[in-house]
K.L.:
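I'd like to ask you about the structure that follows.
We use all heavy atoms of the structure for the numbers below, so side chains are in, but hydrogens, waters and symmetry mates are not. For ligands, and for the atoms within them, numbers begin at 1 and follow the listed sequence. Keep in mind it's a predicted model, so treat the numbers as computed, not measured.
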Amino acid sequence: MIAEKCMFPAAGYGTRFLPATKSMPKEMLPIVNRPLIEFGVEEASAAGMNEICIVTGRGKRAIEDHFDVNYELEHEIAGSSKEQFLAQIRQLTSDCTFSFTRQRTMSGLGDAVLTGRTLVGDEPFGLILADDLCLNLAGQGVMQQMQAVATQHDCSVIAVMDVPPDQVSKYGIVVGEQVDDDLLKVSAMVEKPPVDEAPSTLAVIGRYLLSPEIFTHLQATKPGAGGEIQLTDALNALAQSGKLLAYRFAGLRFDCGSIDGFVEATQYYYENVVSNDG
Ligand code: G1P
């Protein structure tokens, strides 16, 4: 199973970052000088997923503009030393295609993914939640690692990490049987359980590589935790049929949906990348 497309749900309000996100999409918040979503698109592209499918909502136009040419600006700085600052985004926009659709009501991650079906079609696809920033400066990005696992096992894969018990209620929590050092066959998943009901401390982060079968499960999924259509519930159905692997990825993950995680990521990126670039 190989994915050539990657979906980015990007319709959420980003209320934790108000007022910064009042008129700016949270996916455009920068880690130093690069918007969060650009890191995700770069990770997808490095994994061979060059068809980028973004599920947006009202007030998200800046995302479309970011992955397009800005003729006026580019003409203005052409031939100057400032052009170097556009090198990475130019590379991405020439390597990838971008398509967009809009989620009309905020009915949960599962609903956003179902909305993106029209862009993805009947093919395996990567799914990246851009506010989870994953960096593996010394090796392969998380999506690239997952592409290798999905190809080898011909199976859907989710990325997981251990979290402290007091954090389990923030995540989809996974149980399963060990297949390998870093691989589990998922037997069940539950969305944001209270700590005393959590079946483990293994949490899914915002990286998924899914067979299109997930759409059938999503269509049958009723509103769950928080009254929203939960991707985790559809993944649980996939797991029940023995078709879901959980992969302990190599690298660092920052929860940039929270202020603390965002600051931590900024610090890390500044110290390990920006300041080394001179
Ligand atoms: C979403 C998913 C959750 C997952 C998390 C990873 O939650 O619903 O299962 O563990 O992303 O960041 P959110 O953070 O959007 O509330």
K.L.:
Identify the closest protein heavy atom to atom 12 (O) of ligand 1: which residue and atom is it, and at what distance?
P.N.:
D132 OD2, 2.8 Å
K.L.:
Does T232 come within less than 4.0 angstrom of ligand 1, counting non-hydrogen atoms of the residue?
P.N.:
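Contact check T232 vs ligand 1: positive.
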K.L.:
Do the side chains of D181 and R248 get close enough for a salt bridge, i.e. N-O under 4.0 angstrom?
P.N.:
no
K.L.:
Taking the minimum heavy-atom distance to atom 8 (O) of ligand 1, which of M189, E191, R253, M161 ranks first?
P.N.:
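The residue whose heavy atom sits nearest atom 8 (O) of ligand 1 is E191.
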K.L.:
In this structure, is the centre-to-centre distance between the rings of F262 and F17 below 6.0 Å?
P.N.:
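Ring centres of F262 and F17 closer than 6.0 Å.
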K.L.:
Is the shortest distance from atom 15 (O) of ligand 1 to a protein heavy atom below 4.0 Å?
P.N.:
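Protein heavy atoms within 4.0 Å of atom 15 (O) of ligand 1 - there are none.
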K.L.:
When you measure from atom 7 (O) of ligand 1 to every protein heavy atom, which one gives the shortest distance, and what is it?
P.N.:
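For atom 7 (O) of ligand 1, the nearest protein heavy atom is K192 NZ, 3.4 Å.
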K.L.:
Are the aromatic ring centres of F215 and F125 under 6.0 angstrom apart?
P.N.:
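Ring centres of F125 and F215 closer than 6.0 Å.
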K.L.:
Do Q140 and N136 pair up side chain to side chain, a donor and an acceptor below 3.5 Å, judged on atom types alone?
P.N.:
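No donor-acceptor contact under 3.5 Å links the two side chains.
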K.L.:
Counting heavy atoms only, name the option from V204, L109, I205, V174 that's nearest to atom 4 (C) of ligand 1.
P.N.:
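Minimum heavy-atom distance to atom 4 (C) of ligand 1 goes to V204.
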K.L.:
If the test is side-chain hydrogen bond (donor to acceptor under 3.5 Å, both in side chains), which one of T56, T115, D111 qualifies with Q103?
P.N.:
D111
K.L.:
Considering distance alone, does some N or O of Y208 sit under 3.5 Å from an N or O of ligand 1?
P.N.:
no
K.L.:
Tell me, do Q147 and I2 make a side-chain contact under 4.5 Å, heavy atoms counted?
P.N.:
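Side-chain contact under 4.5 Å: yes.
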K.L.:
To the nearest 0.1 Å, how far is atom 1 (C) of ligand 1 from its closest protein heavy atom, and which atom is that?
P.N.:
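Its nearest protein heavy-atom neighbour is L129 CD1, 4.0 Å.
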